[in-house]
Amino acid sequence: MNPAAPETSKRYWRSLERLYRSPALSELADGEFPAGAAELPKGVTRRGMLELLGASFALAGLASCRRPEHEIVPFVIAPESTIPGVSKRYATTLPWGWHGHGVVVESHEGRPTKVEGNELHPFSLGGASAWMQASILDLYDPDRSSRVMWRSEHETPLSPSSWEDFLTFWEETAPELDDTRGGDLAVLSAPASSPTLFRQRELFLERFPEARWVVHEPLGPENVLEGVRRLTGRALRPVLHLERARRIVCLDADILLTEAEAVTQARGFARGRRVDGVNEEMNRLYAVESTLSLTGANADHRLAVPSHRVGAVLAALAVELEGLGVPVGVESVDLPDFDEDVRDAIAILARDLAAFPERSLVATGYRQPPAVHALALAVNRALGAIGTTLTLHEDDHLSWGRSSELAELAEAMHGGTVRTLVVLGGNPVYTAPADLELSKALSAVDNVIQLSTHLDETSDHASWHLPQTHSLEAWGDVRAADGTLSIVQPLIAPLFRGRSAIEIVASMLEDRFEEGYRLVRDTWKDHVFQGEDVEPRWRRTLHDGVLESSALDSPEISFEEGAVQRAFGSLVNVSAREGELELVLVPSASTYDGRFANNAWLQELPDPITKLTWGNAALVSPATARELGVDTGDVVALELGGHRVETPLMVLPGQADGSIALALGYGRTKSGRVGDGVGVDAFQLTTSEAPHAVMGLGVDRVGRRHDFAFTQEHWSMEGRDLVREATLEDYRNEPPAGREHLGHDAPALWEAPSLEGDYQWGMTVDLNACIGCNACVTACQSENNIPVVGKAQVERSREMHWLRIDRYFSGRPEEPRVSFQPVPCMHCENAPCEQVCPVGATVHDGEGLNVMVYNRCIGTRYCSNNCPYKVRRFNFFNFTAEYTETVKMLMNPDVTVRSRGVMEKCSYCVQRVNEAKITADGEGRQLRDGDVRAACEQTCPSQAIVFGNVADLESRVSREKRNRRNYVLLEEMNNKPRTSYLAKIHNPHPDWKSDASAG
Amino acid sequence: MRARDDVVTAVMRAGARAGVLLALLVAVGCRGCTSRRPPIHLNPNMDDQPRYGAQGPSPFFYSGSTSQAPVPETIARGELEEDEAYVTGRAPARGYIDNPQEPSEETLARGEERYRIYCSPCHASSGDGRGTVYQRSGLESTDLREPRVRDLADGEIFEVISEGRGLMEGYAFPINVGDRWAIVEHVRRLQRESR
């Protein structure tokens, strides 16, 4: 511990072991690389050995000693505006469930290489989530299916076929279906919000009136939309506007990561937390939830309550509000039975919400039953939220997955009344509730036509498998959350001979293949533009990525008679089920519902809270773990209704007692080479009655232990005050809150670099805005060709992310406060790494960048050793040796793809700096503030990162650095980092009783 | 013995000479030798990276090139051409248009320069169609001053430059829209001056 470092009044801890100082962990945490990291891994496979020895073989061989010959293969007829080496950008949309995300995709020579948010799209505003960033890897996934496949009978294997053969089959089958008017025909579709697909559906049901069209959405908004419908009688799209909210209560709603429009919700939330003067007002976020979600981690106050009790909390809240004069419309009967602490907390919530009419919001999560959403809507209306912090947009065409319809379809299939089933995307065999036994049901169907990007679990039962296009290579359209329309335009022709859902449905109607472009164009011509001024408006929409002012109307709403009281009545009497364990199935922050299981970037992305990679774990609170006699790393069997799943377990501070959370989207068997066998399949524990949360879970230790691949305990920053925090009160009263100046005048140990460049680059990270969502990590990986290393290497602390997000806990394990800190390279002016490199592979340029020269590096790793921030990553193996052609296409051509033996680290996106300089030179001007945007900065949904020229005193980054909250890490070491942080200020309620010290 | 010593010394000297010769040979290498094979390169480092560069080969695409044409009908940022006539030379209702660019010193100079670079190899600097290509191969190009070409509308000349005609390939790729109109202007000047 450096005696000059300030005494921290809070103890930060990284995990429970760390808090309780287990001896095993000390050993683990004290070395930068855990024991054994420098040695050869045990049980090295044959392939691994060859990889290691590959270098020497290559040297020994004579034939490969020659310089490889490179061909130049230009266009024969070059397209008009393509300049080789200069990228283009196309605005498009990535569909997602009942909405979608506007993106702008960078394309090099006609190949998409990077996804960014679309600044013109109201639900992106330039930001993009980790899922949006990683979706480009799915486009290039070598495990995608590329052939139409067919099997004659259910037990035979699939054999290759062709699109023409499929069309012939359909031409023969369709007349029979016409005869029965589609009575034995069904479509099971993945969710979509596409006017074109909706139009196709209407035509389909016109031709086959008796057919069923069922949408299956495992983590869908069914309960939300149903609750709204019960109260208002209409199909309404709810949209949250957090930037207008001063007090927000989230009831089991992870609005910052997994609920509908997380990107813009994060931005709105961060806007309300901006503190850059002395008397700035801040919003306050309360979270009531069973598992520690990202929203809960960013909340000022959090109540850990089992999922089945959240409704009762809302009921109690409604009663309290009614008592304060907020006209919710409930009659207070007996209050639900809560502990005094919880009742006091709910009273505080009510007072706080009531104090900000039209500026408060109650958000409810998709897992909660419809009654919760209905009652919350009533509360919101009473608070004046509707029209300000919550808007509802009418969409008569809004379609969402209804579990009852799926159950009916499954029953019909089991009963043999469905002879032809068309599966349009999605993976129903994997994601459908286990009690429906969908795989058995599919075996009873004669013809299963499956459209899917991969040969997945559902393909085992398909008689026709049709390869599906990815949304980056197909035409389509999307309605965003408030109904805003945008077009999906392809960045590249289909890579794997696929076709899109709209093309398949159209082919079933026309008996021939129609181009997606035609279908979308016709829909827009007739239904969107109504034949007026089509061409210029179409082109403008394509160019911008969004059709202006196309949001759906927000009608006046009225509540159905007695609906509020009915919703309240069903919630108020839900008592705590003592002695029973609850299981809550949550989406994975990596694979979501399993669709990204084969996406290596996402598998290796650490879960924001648990920092777990390559797998899931049952999350248990410390108290419940003690009761059950389990600990982190134990493998337990979860038993529910006859289904049994063995899963490793992790003790998570902040998990509600009596409730166990398990992430969905793992344990796949047919996702591809990346995702197979990773984690545990939690869908086996879902039932159509209770797809999200269920009581009566049985937990038993199996006796095995499991090694997790955490990034949590690596690069541990030993007790130093890295995240500086304060409450709003302290900040206002004591000017330099959390800032002491240390060691500025210490003499430097070595010569300072000469910083004479025209620009001096620097960066700030606002910890108030950073929510820890990992979008920046994924964007950096995409932009800088960062390799994936796999679970075994992550266990050895060798993950390659240049930018990492540290997550710290403080306070009591039962009520933890969570702090996030993204750590890129500091680009220190007095860089310790530069001084120790024996070959001068890391040097300082005149603009303040610490520059890494890959081909000079000989791999001593002394620089990493000397870096106090541990931001350097070493290529222990050649992680890129087996890149397939499609993965090579994905690589950013402006960035070196590193081989083994070289050190790499964040470069402040120097390739973007240089690209901007070239553009500016061409225009004969200097760089302006905002010309260069680092990948992390550009994608951050909450705009926490600011990069720019610190020599320009008016640039955004200079203004951020003048903020009172500005500080640097390890200031006492006199490294003079160019990356600085704005201390985190939180806004606790003065009356909230809590042992968690706030600062 | 002395004789033995002499022999040994002689051998050693010979060996030393041979060694020096060998060292010289190694140092000098096979200078002046030609080989069809690429040079020996023992330390590949990251000279050949697993990524697609511009205009590189690709075994994946049918064209064999990493470069892919944009999907037809897509529109990139910055490529929203509001004025269709300006970029194609043809207005939807009216047909070919006249040169929309105002002639000026700069456009004339630019047009002449661009013409010299792109057009004169075939059409010659006078426009008579007997440029360098004709001199080398006997292949005549259109005489730009003949009546048939004089009668073409400006927009049609623009279209020919963009998309080609007959044996001529389109030059939309190397010549941007403004420069193409400048070339049209220059062609008109050649026609005027040849009367």
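In what follows, every chain begins at residue 1, and chains take the letters A, B, ... in the order their sequences are listed.
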ask   = Is it true that A/Arg144 and A/Glu473 make a salt bridge, defined as a side-chain N closer than 4.0 Å to a carboxylate O?
value = yes
remark   = Bottom line for B/Pro174: the part with an atom under 4.5 Å from chain A's heavy atoms is neither
inquiry  = Quick check on A/His108 against chain B: is it the side chain, the backbone, both or neither that has a heavy atom closer than 4.5 Å?
reply    = neither
remark   = Turns out that what part of B/Glu84 lies under 4.5 Å from chain A's heavy atoms comes down to neither
query = What part of A/Glu80 is in contact with chain B, defined as an atom under 4.5 angstrom from a non-hydrogen atom: side chain, backbone, both or neither?
reply = both
request  = With rounding to the nearest 0.5 Å, note down the distance linking CZ in A/Phe879 to CZ in A/Arg900.
outcome  = 10.0 Å
task = Measure across A/Ile136 and A/Val115 and return the closest heavy-atom pair with its distance rounded to 0.1 Å.
result = CB-CG2, 4.0 Å
inquiry  = Under a 3.5 Å cutoff, is there a donor and acceptor pairing between the side chains of B/Asn176 and B/Arg114?
reply    = no
request  = Please state whether the side chain, the backbone, both or neither of A/Val104 comes within less than 4.5 Å of a heavy atom of chain B.
outcome  = side chain
message = What I want to check is whether the side chains of B/Glu81 and B/Tyr86 have a donor and an acceptor closer together than 3.5 Å.
response = no
For chain A, which residues of residues 177-185 of chain B have heavy atoms nearer than 4.5 angstrom = B/Val177, B/Arg180
message = Tell me every residue that passes side chain to side chain donor-acceptor pair (under 3.5 Å) with A/Ser145, counting only those two or more places apart in sequence or in another chain.
response = A/His465
query = Does any N or O in the side chain of A/Ser124 come within less than 3.5 Å of the main-chain N or O of A/Asn118, such that one atom is a donor and the other an acceptor?
reply = yes
key: Proximal component of A/Leu491, with respect to chain B [non-hydrogen, under 4.5 Å]   = backbone
task = Sort out for me which of A/Ser107, A/Gly85, A/Gly110 touches chain B most, counting heavy-atom pairs under 4.5 Å.
result = A/Gly110
ask   = By side chain to side chain donor-acceptor pair (under 3.5 Å), which residues pair with A/Glu109, not counting sequence neighbours?
value = none
inquiry  = My understanding is that only residues two or more places apart in sequence, or in another chain, count here; which of them pass side chain to side chain donor-acceptor pair (under 3.5 Å) with A/Arg856?
reply    = none
ask   = Does atom OH of B/Tyr171 have more than 12 heavy-atom neighbours from other groups under 6.0 Å away?
value = no
note = Honestly, the part of A/Arg898 sitting under 4.5 Å from a heavy atom of chain B is both
task = Check whether A/Pro536 gets within reach of chain B through its side chain, its backbone, both or neither, counting any heavy atom under 4.5 Å.
result = neither
message = Can you tell me which portion of A/Val895 sits under 4.5 Å from chain B's heavy atoms? Options are side chain, backbone, both or neither.
response = backbone
